[in-house]
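Encoded as structure tokens, the structure appears first; notes follow it.
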Amino acid sequence: MAEAYFPVWPGLGMEENFLSLDDILMSQEKLPGRAESALPRLAVLLGQAAGSAESIPEGSKLEIPLWLAKGLHDSKRRIISVELPKIYREAWRTVFSADANVVDLHKMGPYYYGFGSQLLNFENPENPEIAQTDSVCSLQTFIARFRRVMDSSQNAYNEDTSALVARLDELERALFQVGQKGLNDFQCWEKGQASQITASSLVQNYGKRKLAEVDG
């Protein structure tokens with residue numbers, strides 16, 4: 001009998017977990033950038049092939065997948081430079097500070113929190129402090145939205161939740177599902193349809209991760 005599949009949770013902070021489907025999909029998200037030197041044989045990969053040209057000239061503006069940007073980024077050789085995506089810039093940080101709940105995170109970037117952490121891998125020419133500020137902004141945004149996410153998950157029993165999760169990023173959607181499962185499990189237990197309440201998979205996976213860190 002085949003074993004049940006248990007999703008692998010994304011990595012934390014700047015570290016990616018390449019066994020996680022979420023992290024694999026996140027690595028395909030694109031960053032705005034610029035070629036600081038000619039990039040041979042990358043035109044087709046980046047969708048910039050013109051006629052028979054295979055190289056990207058120096059100075060070209062780029063949309064680079066995260067995984068490739070991390071591979072090419074080298075502060076000493078200056079192969080590419082990476083710009084801050086607009087949703088992480090000061091104008092949007094002001095919006096988040098005013099009311100983080102009004103923003104459609106899934107539309108702006110389905111992996112807002114994880115992708116924002118990955119930006120710490122790059123030097124930003126605007127200001128050395130932007131990366132730190134952006135990390136704080138992401139945390140504050142998460143805190144501001146977390147209560148509404150969990151309240152929504154606990155007050156939608158046997159309802160269509162598509163509208164509730166439409167504006168959430170993938171991490172928030174995962175938390176919403178955990179809340180929904182906890183609510184459904186409790187309702188079943190209260191009705192005598194379950195013999196016991198068990199810890200959520202989120203708590204169990206976190207416990208396994210902490211044990212692995214201790215053993216390591």
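Everything quoted here is computed from the prediction, not taken from an experiment.
- In this structure, the salt bridge (charged side-chain N to carboxylate O under 4.0 Å, His left out) partners of R145, at least two apart in sequence or on a different chain, are E172.
- Contact of the E83 side chain with the L31 side chain is not registered, since no non-hydrogen atoms from C-beta on lie closer than 4.5 Å.
- Atom-to-atom distance recorded for R78:CZ and L72:CG is 13.0 Å, nearest 0.5 angstrom.
- Counting only heavy atoms from C-beta outward, the side chains of S27 and L68 never approach each other to under 4.5 Å.
- The minimum heavy-atom distance between D104 and A166, with the atom names listed, is OD1-O, 3.8 Å.
- Counting heavy atoms from C-beta outward, I24 and M26 have side chains that stay 4.5 Å or more apart.
- In this structure, M150 and F176 have side chains that are not in contact, with every pair of non-hydrogen atoms separated by 4.5 Å or more.
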Test log, rule side-chain contact (heavy atoms from CB on, under 4.5 Å), inputs V103 and W92: CA-CA 10 Å; V103 181; W92 274 101; 4.1 Å; yes
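- Taking each heavy atom of I56 and A35 in turn, the nearest pair found is CG2-CB, 4.3 Å.
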Side chains of residues 36-44: which donor-acceptor partners sit under 3.5 Å, not counting sequence neighbours?
from: E36; atom 1: OE1; to: R34; atom 2: NH1; distance (Å): 2.8
from: E36; atom 1: OE2; to: R34; atom 2: NH1; distance (Å): 3.2
from: E36; atom 1: OE2; to: S81; atom 2: OG; distance (Å): 2.7

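- R173 has no carboxylate O lying under 4.0 Å from a charged side-chain N of D169, or vice versa, which leaves the two without a salt bridge.
- One distance of note links CZ of R89 with CG of L84; it measures 6.5 Å at 0.5 Å rounding.
- For E29, the side chain to side chain contact (heavy atoms under 4.5 Å, CB included) partners at least two apart in sequence or on another chain are P110, Y111, F115.
- Contact annotation: the side chain of L105 approaches that of Y113 to within less than 4.5 Å [non-hydrogen atoms, C-beta and beyond].
- K70 places a side-chain heavy atom less than 4.5 Å from the side chain of N121.
- Note: L168 CG to R148 CZ = 10.5 Å, rounded to the nearest 0.5 Å.
- In this structure the side chain of L175 reaches within 4.5 angstrom of the side chain of F142, judged on heavy atoms.
- Side-chain contact between Y112 and T141 is present, with heavy atoms from C-beta onward closer than 4.5 Å.
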